[in-house]
Structures are given as structure tokens and as C-alpha cells.
Trainee: 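Structure provided below as C-alpha cells; questions to follow.
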Amino acid sequence: MSKKEFYIGWQGKMPENTRKFLKRFLWIAMALIVVMAIGLVFFEKPFKKHFFNFGQLDQITGVYYDEPYPFILTDYNAESGQAKTVLLVGSGKFGAKGIMDKIQDKSGALSGIRITLEGTLISGDGKTLLELTNGTDALKEMLNVELIETPAPPAPENVTLQGEILDPKCYFGVMKPGEGKIHKSCAIRCISGGIPPVFRASEGDSQDERYRYYLLLDQKGNPCNKEILPFVGEPISLQAISTKMLDWDVLFVNIKDIKTQ
Amino acid sequence: MSANYTAILWNQQKKLYDRYMWLGIGLFMLVYAVFQLWLQPSITFETLIIRATALAAFVLLHLILAIGPLSRINPAFLPLLYNRRHAGVSMFILALIHGAFCIIQFHALSDTNPLISVFISNPKYLETSQFPFQTLGFLALMILFLMAATSHDFWLSNLSPAIWKVLHMGVYVAYALIVLHVATGAFQYENHPFNWILLFIGFWGISGLHVYAGFSERYKLNTHKNILAENGFYQVCRVNEIENTCAKTAFINGENIAIFKYDGKISAIHNVCKHQMGPLGEGRIVDGCITCPWHGYQYLPHNGQSPPPFTEKVKTYDVKILEGYVWVNPVPKEEGTFVEPVIIEKA
């Protein structure tokens with residue numbers, strides 16, 4: 001600014017040299033803003049290719065089971081033992097148990113019955129969930145009782161694993177990202193609300209992002225949502241007994257055997 | 001300057017200021033959104049809003065904090081300071097949108113009240129790596145709210161400039177909380193070195209500017225040349241060291257004094273503007289009035305009073321000229337007291 005120039009905000013016009021100086025400053029600032037905005041996006045972690053079919057209701061038919069968490073078995077091939085289960089979750093940060101209990105209060109017990117449920121699909125990395133978006137209106141059809149002889153689970157084995165406890169609703173599609181510290185509080189609320197906790201263990205080195213997912217249960221095979229809250233959303237290691245429930249790996253864990261890293 | 005309060009006082013310069021400010025905010029968010037949708041099309045609307053508003057607010061906060069020291073280092077930046085309050089309120093609005101979307105996204109529709117959930121969902125307050133960073137952001141947002149809510153001149157006048165200034169220094173507490181919020185939160189996940197380098201440059205850039213401006217300010221204060229003379233007067237400088245319509249400042253016995261030369265006369269008034277404690281000594285005499293460089297508040301040099309209908313008053317001081325030197329008595333007169341200007345006799 002020229003020594004003789006003096007800017008006064010309430011005057012109509014800005015002194016010429018001040019105006020020129022600020023114009024140069026603005027161009028530089030705008031260019032920096034653009035570079036910064038592009039850089040911040042460019043260096044972001046890519047989102048996982050998980051999917052939440054928001055705004056679209058789909059119907060799924062399968063055999064319903066209550067435990068350990070509400071799910072339906074949609075495809076089962078007795079010969080090959082291949083199965084496809086769809087975990088059920090509620091709206092918001094709630095599990096499906098409350099909704100399914102209310103539905104069963106009206107319809108009678110549904111466990112082992114082939115039914116059609118309507119909701120919003122969530123899917124990623126080979127796992128599928130259905131959000132019962134319309135609450136107790138989710139039940140569209142009751143078909144027949146279907147006894148399915150599922151294969152005996154493999155012999156349980158002791159495992160030591162490293163990974164993170166996630167809420168599968170957010171992780172497999174509703175939120176991007178649905179993992180790590182940035183999502184920790186939300187995962188805690190979701191699991192506290194009854195959404196089944198899932199343990200994600202890395203397979204291979206950390207670069208290739210191949211994971212194995214386990215449903216977490218306590219040592220007796222019961223839900224342990226409240227007990228594991230202190231370990232949600234952070235790197236942990238655990239010792240547990242591993243087995244399989246249809247197409248889901250399952251861990252029976254003693255809370256004392258979970259360690260933060 | 002305004003004699004009456006109006007909800008928002010706009011003039012041509014403020015309109016221009018707001019236009020360019022929102023152009024910058026819009027440009028940043030537009031570029032960010034376009035590249036985000038191009039490179040990561042699966043981003044959800046909520047995440048896009050959360051990230052774009054957070055980043056825009058954080059960048060704007062850096063600019064707001066840089067304006068003060070930049071203006072001290074180079075007065076050509078003073079136009080950025082003139083309407084800084086609108087920038088502050090705009091930044092708060094962006095931060096509020098970010099905070100509201102975060103609370104809805106991460107805490108609402110759950111088994112706990114969303115506002116309580118912010119504080120209790122992650123209770124690991126004693127762990128550095130798992131510290132609940134959202135609480136830091138929430139506290140910063142409360143400070144920014146307090147500042148935005150009291151940003152109007154009504155509060156400045158009713159709280160008194162000194163209290164208002166202390167309250168608004170809270171921006172530094174908010175900034176520290178936000179830096180920690182980002183470092184212990186988002187950047188724990190988005191941990192690319194580019195992000196950390198930006199944060200580092202931002203933090204040390206703001207800190208460095210403040211330190212540099214502080215040192216240069218201290219150098220400008222005329223504290224070391226004063227020699228006690230008779231009757232409590234202190235020698236400040238030679239008359240011809242003061243440019244016409246400008247001032248020399250002196251800090252004597254705790255008094256911050258601006259000594260102005262104008263129309264062949266010398267007058268001394270308190271160096272601190274009544275409006276936002278701006279440095280009057282860095283101002284000019286315009287239309288016969290000392291004019292504050294920050295917001296253009298004016299005072300008559302011989303009595304320290306704002307011209308009617310304005311009512312601000314500052315302290316005045318006795319001055320004299322002896323053998324080509326300006327001397328000032330640092331014992332202040334009552335605010336608004338008339339002091340006969342000293343005529344500069346031509347050599």
C-alpha cells in the first residue's frame with residue numbers, strides 16, 4: 001500500500017494500490033483453495049465397494065431364525081452345504097430383535113418358517129444384511145415350516161486374531177467409511193442398540209485389504225453387545241474359540257481375552 | 001461507524017467483502033464436491049456435507065486468524081480485517097452444519113440422547129490414541145457460537161470492549177481444540193502425509209505470523225528513547241520524525257500514547273480505539289479526525305471525542321515541543337478532555 005493511501009472501510013472506494021494488492025492476493029488465495037480442495041480429495045482413502053440400496057425396498061424370502069441374532073437363510077444347498085444368510089437389522093442404530101419380537105407377538109413364532117421380509121439391502125465383501133426399514137410392516141408373507149438339516153459345524157478351534165470390532169450395518173454399506181476411530185462412536189451406539197457385533201480380522205498383509213468376518217458371541221453362544229463396547233472401533237487382539245454358523249464364521253469369546261493394541 | 005444499532009450493517013465495502021468471501025467458500029466446496037463425486041462416486045450425501053463444511057470452516061478459520069498479524073505486518077491487508085466478523089460468523093455457520101450433521105449421523109436414532117452420546121459413547125478420555133475427539137469439536141463449536149452470538153456491536157458496547165475482546169480471544173482456544181479435534185479424529189483415519197503436512201503448515205504458519213507480528217509491534221512501540229524531563233514530560237522523538245496526518249506512538253509508564261501531527265499542530269491521545277481496541281496511532285487524520293485503521297472510528301485530536309452524533313471518547317495528554325523535540329506527559333487527562341494543540345513553529 002502506498003504510504004499516502006489509507007483504507008477506510010466505510011468509504012465507498014478502496015484506494016487503488018490497496019485494491020491491486022488485494023486482487024493479487026485473492027487470485028493466489030483462490031488458486032491455493034482449488035489446489036487444497038483437489039489434494040484433500042486425491043489423498044483420501046478410497047471407500048469400500050459396499051452397498052446400501054437407500055430409498056429402495058426389496059423383498060427377500062428365506063427361512064427365519066431368531067438366534068443368536070435374527071437372520072434369514074435364503075439359499076441352502078444340502079448337498080454342497082453352501083448357504084446364504086441375511087442378517088437382519090433395524091432402522092437407525094438398532095438391531096432387528098425388537099421388531100421381530102413385535103412381529104411374532106402378532107403372527108406367532110416364526111423361527112424355522114419360510115417368510116418374505118421387505119427392507120433395504122446392505123451388502124459388501126460377500127455379506128448381506130437387510131434393514132427392516134418399515135418396522136413391523138416388514139413381514140410380507142408367511143409360507144411354510146421348513147426343517148433344514150444344516151451341516152454339523154467344523155470342530156471348534158482356539159484362535160488368536162488381530163482386528164477391529166465393527167457394526168456390520170454401517171461397515172457393509174450404510175456409512176462411508178464405517179470403520180476406524182472416525183466411526184467409533186457410531187459403531188458403539190449401533191452395537192449398543194442390538195446390531196450384531198462383527199470382528200474383522202485381516203488376512204494376508206495389511207496392504208491387500210483381504211478380511212475375514214466373524215460374528216462375535218460370548219462363551220455360551222449368547223449375544224455380548226454391551227460387554228464388548230469398550231473394544232469397539234479400535235485395534236484389538238483376542239483369543240477365542242472359532243467355529244462356523246452356515247456361511248458366517250463365529251467366535252466365542254471371553255471378554256477377558258480381548259486386549260487393546 | 002454507526003450511531004444506532006442495526007441488525008447487520010452493510011456498506012459497499014462489506015458487501016464486496018462478503019461477496020468474495022462466499023465466492024471463496026463456494027469455490028472450495030464446489031471443487032471439493034466435484035472431485036469427490038468424480039473420484040469417489042459412492043460417497044454418501046451426509047459424508048460429503050460433513051467433510052466439505054468441516055474443511056471449508058477450518059481453512060476459513062486459518063484465514064481469519066492470519067488477518068490480524070498480516071494487517072500489522074502489512075497495512076495493505078487491513079481491508080480483510082474490516083469485516084472479519086462476517087467471516088467469523090460465516091465460519092461458525094459452516095462449523096455448525098458440520099457439527100449438526102455429525103451428531104445426526106453418528107449419534108441420532110440410537111438408544112442414547114444424541115448430545116449425551118457425544119460425551120459418553122467413547123469414554124476413553126485417558127487414552128491418547130482413542131481420545132474422544134468429538135468432544136473437542138463440540139466444545140470448540142460452543143466457543144464459536146458464543147463468539148458469533150456476541151459479534152454484534154450491541155454486545156461490544158454492552159459488555160465493554162475489554163471484556164468483549166477477552167471473550168473473542170476465545171477463538172485461539174477454539175482453534176487449539178479444533179487442531180486437536182482434527183489430529184485425534186479425522187486424521188487418525190485419513191492419515192496421508194499430505195493432510196498432516198497441511199495441518200502442520202497451518203498451525204505453524206498461524207503461530208509464526210503471530211510471533212513475528214508481536215515482535216515487530218514491540219519494536220514499533222517507542223519505549224526506549226524516553227528521557228525524563230522537567231515536570232513529568234518525556235521526550236518522544238523529533239517533530240520532523242512524525243509524518244503529517246500520521247502519528248508516533250510511545251509507551252510510557254504503562255500509558256499507550258499516539259502523538260499526531262496535523263495542520264501544523266501536535267496533539268496526543270490514547271492509542272487504543274474504543275471500538276475494538278484498534279491501534280489509533282497506525283491511523284491517519286482524515287477530515288480533521290484521527291481515524292482508526294481497523295474500522296474507521298474517528299476522534300478529534302484536540303479532545304479525543306468522536307464527532308457528533310457519536311459518543312466515544314479517549315484519554316488525552318499534554319504535549320510540548322522543546323528545541324525541535326516532542327515531549328509528552330504520560331499522566332492522562334479524563335476521556336474527552338480538551339488539550340490545546342501545540343503549534344509547530346517553523347525553524
Side-chain angles (χ1 to χ4, degrees), chain A residues 1 3 5-14 17-19 21-22 25-26 29-30 33-34 36-52 54 91-94 174-177 179-186 188-190 192-194 229-230 232-235 260, chain B residues 1 11-14 16 20 24 27-29 31-32 35-36 39-40 42-44 47 55 59 63 74-80 82-83 105-112 117-118 121-124 129-130 132-134 184-186 188-190 192 194-195 198 243 283-284 286 291 293 295-296:
Chain A
M1 189 172 72
K3 186 70 186 165
E5 281 191 352
F6 182 62
Y7 169 80
I8 304 174
W10 44 259
Q11 282 184 337
K13 210 172 172 206
M14 190 178 286
N17 287 327
T18 305
R19 195 185 64 78
F21 176 85
L22 283 178
F25 172 79
L26 278 176
M30 295 287 181
I33 278 172
V34 169
M36 217 185 306
I38 294 170
L40 285 163
V41 178
F42 191 77
F43 293 111
E44 267 179 8
K45 279 186 181 165
F47 295 130
K48 296 202 160 39
K49 292 184 178 106
H50 298 172
F51 172 75
F52 177 46
F54 181 70
S91 289
K93 296 174 176 60
F94 291 99
V174 173
M175 287 208 190
K176 293 181 191 307
E179 61 184 319
K181 193 180 178 191
I182 202 167
H183 182 259
K184 184 184 175 86
S185 296
C186 181
I188 288 171
R189 290 273 60 84
C190 286
S192 175
L229 290 181
V232 172
E234 62 184 275
T260 53
Chain B
M1 287 175 84
N11 57 33
Q12 198 179 333
Q13 294 293 326
K14 287 189 177 183
L16 201 65
Y20 278 106
L27 180 70
F28 178 86
M29 291 177 67
V31 171
Y32 184 81
F35 272 80
Q36 189 71 260
L39 295 175
Q40 303 227 57
S42 64
I43 191 169
T44 61
T47 302
L55 291 166
V59 172
L63 179 65
N74 183 352
F77 285 107
L78 277 168
L80 298 180
Y82 178 58
N83 203 20
Q105 168 114 323
F106 299 125
H107 299 277
L109 301 172
S110 75
D111 58 356
T112 304
S117 170
V118 170
S121 284
N122 172 10
K124 299 199 169 177
S129 68
Q130 293 303 318
F133 67 98
Q134 291 172 338
T184 60
Q188 292 297 310
Y189 183 77
E190 295 293 351
H192 193 279
F194 177 81
N195 297 339
L198 275 189
E243 274 191 70
R284 298 280 173 87
V286 176
T291 306
H295 301 95

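Each chain gets a letter, A, B and so on, in the order the sequences are listed, and its residues count up from 1.
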Trainee: List in chain and number order the residues that pass salt bridge (Lys or Arg N to Asp or Glu O under 4.0 Å) with Lys48(A), two or more places apart in sequence or in another chain; answer none if no residue qualifies.
Mentor: Glu179(A), Glu209(A)
Trainee: May I ask you to name which of Leu16(B), Leu63(B), Leu80(B) has the most heavy-atom pairs under 4.5 Å with chain A?
Mentor: Leu80(B)
Trainee: Look at Gly185(B), Ala186(B), Pro79(B) and state which one has the largest set of heavy-atom pairs under 4.5 Å with chain A.
Mentor: Pro79(B)
Trainee: Just so I understand: if I count every heavy-atom pair under 4.5 Å between each of Gly233(A), Gly92(A), Cys186(A) and chain B, which residue has the most?
Mentor: Cys186(A)
Trainee: Please report the shortest heavy-atom distance between Gly296(B) and Ile8(A), naming the atom on each side.
Mentor: CA-CG2, 4.0 Å
Trainee: What part of Thr184(B) gets within 4.5 angstrom of chain A, counting heavy atoms only: side chain, backbone, both, or neither?
Mentor: both
Trainee: Decide whether a cation-pi geometry holds between Lys14(B) and Tyr82(B); the criteria are a distance under 6.0 Å from NZ or CZ to the six-membered ring centre and an angle within 45° of the ring axis.
Mentor: yes
Trainee: What part of Lys181(A) is in contact with chain B, defined as an atom under 4.5 angstrom from a non-hydrogen atom: side chain, backbone, both or neither?
Mentor: both
Trainee: Out of Gln12(B), Gln36(B), Gln134(B), Gln188(B), return the one with the most heavy atom pairs under 4.5 angstrom to chain A.
Mentor: Gln36(B)
Trainee: Using heavy-atom distances under 4.5 Å, tell me whether Ile182(A) contacts chain B through its side chain, its backbone, both, or neither.
Mentor: both
Trainee: Less than 4.5 Å to any heavy atom of chain B: does that hold for the side chain of Lys49(A), its backbone, both, or neither?
Mentor: neither
Trainee: Determine yes or no for a side-chain-to-main-chain donor-acceptor pair under 3.5 angstrom, with Lys93(A) supplying the side chain and Thr112(B) the backbone.
Mentor: no
Trainee: Can you tell me which portion of Ile188(A) sits under 4.5 Å from chain B's heavy atoms? Options are side chain, backbone, both or neither.
Mentor: side chain
Trainee: Heavy-atom cut-off 4.5 Å, strictly under: side chain, backbone, both or neither for Thr291(B) against chain A?
Mentor: both
Trainee: Is Phe25(A) in contact with chain B via its backbone, its side chain, both, or neither, using a 4.5 Å heavy-atom distance?
Mentor: side chain
Trainee: Heavy-atom distances under 4.5 Å only: say whether Asn195(B) touches chain A with side chain, backbone, both or neither.
Mentor: side chain
Trainee: At a 4.5 Å cut-off on heavy atoms, which part of Val118(B) comes close to chain A: side chain, backbone, both, or neither?
Mentor: neither
Trainee: Considering residues at least two apart in sequence or located in another chain, which fulfil the salt bridge (Lys or Arg N to Asp or Glu O under 4.0 Å) criterion with Glu190(B)?
Mentor: Arg51(B)
Trainee: What part of Val232(A) gets closer than 4.5 Å to chain B, counting heavy atoms only: side chain, backbone, both or neither?
Mentor: neither
Trainee: I'd like to know which of Val41(A), Val174(A), Thr260(A) tops the heavy-atom pair count under 4.5 Å against chain B.
Mentor: Val41(A)
Trainee: Can you tell me how far the OG1 atom of Thr18(A) sits from the CZ atom of Phe77(B), to the nearest 0.5 Å?
Mentor: 11.0 Å
Trainee: Distance from Lys176(A) atom NZ to Lys45(A) atom NZ, nearest 0.5 Å?
Mentor: 15.5 Å
Trainee: If I compare all heavy atoms of Pro177(A) with all of His183(A), which pair ends up nearest, and what's the gap?
Mentor: O-CD2, 3.9 Å
Trainee: Give the C-alpha distance, both sets of side-chain angles, the deciding distance and a yes or no for side chain to side chain contact (heavy atoms under 4.5 Å, CB included) between Glu44(A) and Leu39(B).
Mentor: CA-CA 10 Å; Glu44(A) 267 179 8; Leu39(B) 295 175; over 6 Å; no
Trainee: Heavy atoms only, distances under 4.5 angstrom: which of Leu198(B), Thr44(B), Ile43(B) has the most pairs with chain A? Name it, please.
Mentor: Ile43(B)
Trainee: Does any backbone or side-chain atom of Leu40(A) lie under 4.5 Å from a heavy atom of chain B? Answer side chain, backbone, both or neither.
Mentor: both
Trainee: Does the Gln13(B) side chain pair with the main chain of Gly12(A), one donor and one acceptor, at a distance under 3.5 Å?
Mentor: yes
Trainee: Count the heavy atoms of every other residue, nucleotide or ligand shown that sit under 6.0 Å from CZ of Phe47(A), and state whether that count exceeds 12.
Mentor: yes
